[in-house]
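Contents: one structure, followed by commentary.
Not measured: the values here are computed from a predicted model. Proteins get letters first, then strands, A, B, ... in listed order; numbering begins at 1 in each.
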Protein chains: 2
Amino acid sequence: MALIDEGDAVRLANIFKTLSDPSRIRLISVLLDGEINVGSLAELVGISESAASHQLRTLRQMRLVSSRRQGRQIFYKLNDAHVADIFQRGLDHVRHD
Amino acid sequence: MALIDEGDAVRLANIFKTLSDPSRIRLISVLLDGEINVGSLAELVGISESAASHQLRTLRQMRLVSSRRQGRQIFYKLNDAHVADIFQRGLDHVRHD
DNA sequence: ATAAAATATGAACATATGAACATAAAAACA
DNA sequence: TGTTTTTATGTTCATATGTTCATATTTTAT
C-alpha cells in the first residue's frame, strides 16, 4: 500500500465525509431497498422533506445517488455499487465485532 | 436491508466521520504497512507531530488504532481488520470507476 | 388561469471541526 | 536532579455543517 497522495486522500476523505451523517446514513439504508420518492423517504427516515431534499442534494453532488422525475415526484436511487459495499462493511463493523 | 435505527446510524456515521479527513486518511494508509511511531508517521505524512498526535487521538478514541510504548516512542498500529477493508473499498471507488 | 402538491433552494442560526500554538507529561540519560 | 526527546493535551480561532423556516419552482388538476 504505502502512503497515498494528497489528491486521493482528499477524494477518499470526501467520500467518507458524505457518509458521515446519521440522516444520510438512514437515507442510504432505505435506498438500498430500491428506488423511492422524496416524500416517502423523508417520512420513513423521520426528517422533514426540506431536510431530506438538502441531504439528497449532497448525495447527488457526490454522485452517490441519482434521480428521475415521474410526474410531480422525484425518485432517487443509489448510483454506485461501491457505496452499498462500503456501507455494508461499515455496518458489519458497527454491529458485531 | 431496510431502515437502520438511529443508534446504528449514529455509530456508523461516526466511523465514517473518523475517516473523513485527508490527514487521517494518509496516516491510515501508512499504518496499513504496519506498526510505526508518531515521529516517523508525522514525517511521512508531512504534518507536525502535534497534528499527528491529535489525529491519532481521534483514531484511538474511535478504536481504529491502538498504541504501545517502547522506550520514549509510541508505536501505533491499525486495530481493526474492518478498517483496512473499508479503506480499500473506498480507495477502489476513488481510483477507478 | 388558478390552486394544490411535491420538491428544491436560500438565508440564518447553533454547533462541530481542524489547525496552530503553547504547555504538560513521560522516559532516557548526563 | 536537571535536561532533552517524544508524545499528549488544552485553548483559541476561523471555517464548515445540519437543521429550520420561508420562498421558489415544477407539475397536475380544476
Between [atom2] of [N] and [atom1] of [X], the distance in whole Å:
X: B:R68; N: D:dT6; atom1: CZ; atom2: P; result: 17 Å
X: A:I74; N: D:dT28; atom1: CD1; atom2: C1'; result: 14 Å
X: A:N14; N: C:dT17; atom1: CG; atom2: P; result: 16 Å
X: B:R69; N: D:dT5; atom1: CZ; atom2: P; result: 16 Å
X: B:L56; N: C:dG18; atom1: CG; atom2: C1'; result: 14 Å
X: A:L41; N: C:dA8; atom1: CG; atom2: C1'; result: 15 Å
X: A:R24; N: D:dA16; atom1: CZ; atom2: P; result: 16 Å

### Query
Got a salt bridge between B:R95 and A:D8, using NZ or NE/NH1/NH2 to carboxylate O under 4.0 Å?
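Yes, this pair counts.
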### Query
Which residue lies toward the 5' end of DNA chain C, A:R72 or A:A52, if each is placed at its nearest nucleotide?
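First, find each residue's nearest nucleotide; the 5'-ward one identifies A:R72.
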### Task
Could you pick out which residue, A:A51 or B:A51, lies toward the 5' side of DNA chain C when each is mapped onto its nearest nucleotide?
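Checking each residue's closest nucleotide, the 5'-ward one belongs to A:A51.
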### Message
In the structure I gave you, are the side-chain heavy atoms of B:R26 and A:E6 within less than 4.5 Å of one another anywhere?
### Response
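A side-chain contact under 4.5 Å exists here.
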### Message
Any heavy-atom pair between the side chains of B:L44 and B:I36 that's under 4.5 Å?
### Response
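Yes, close enough: below the 4.5 Å cut-off.
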### Message
Show, in sequence, the C-alpha distance, side-chain angles and deciding distance for B:H82 and A:D92, and conclude whether the side-chain contact (heavy atoms from CB on, under 4.5 Å) test is met.
### Response
CA-CA 8 Å; B:H82 287 292; A:D92 289 347; 3.9 Å; yes
Kindly say if [X] contacts the phosphate of [N], meaning a side-chain N or O under 4.0 Å from OP1 or OP2.
X: A:Q73; N: D:dT26; answer: no
X: A:N37; N: C:dT7; answer: yes
X: B:S53; N: D:dT7; answer: no
X: B:Y76; N: D:dT6; answer: no

### Query
Per the atom types in the model, does the base of D:dT19 pair as donor or acceptor with the side chain of A:S50 at under 3.5 Å?
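Absent.
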Contact class for [X] vs. all strands (heavy atom < 4.0 Å): base, sugar-phosphate, or nothing?
X: B:F75; result: nothing
X: B:E49; result: base
X: B:S48; result: nothing

### Task
Would you mind telling me which of D:dT9, C:dT17, D:dA8 lies closest to the side-chain atoms of B:K17?
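Of the candidates, C:dT17 comes closest.
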### Query
Choosing from C:dA20, C:dG18, C:dT9, which nucleotide comes nearest the side chain of B:H54?
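Of the candidates, C:dA20 comes closest.
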#### Entry: Residue whose closest nucleotide on DNA chain D lies nearer the 5' end, B:S40 versus A:D21
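The residue mapped nearer the 5' terminus is B:S40.
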### Task
Could you state whether A:F75 and A:L78 fall into the same hydrophobic cluster, counting links through intermediate Ile, Leu, Val, Met, Phe, Trp or Tyr residues with side-chain heavy atoms under 4.5 angstrom apart?
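Unlinked, A:F75 and A:L78 end up in two clusters.
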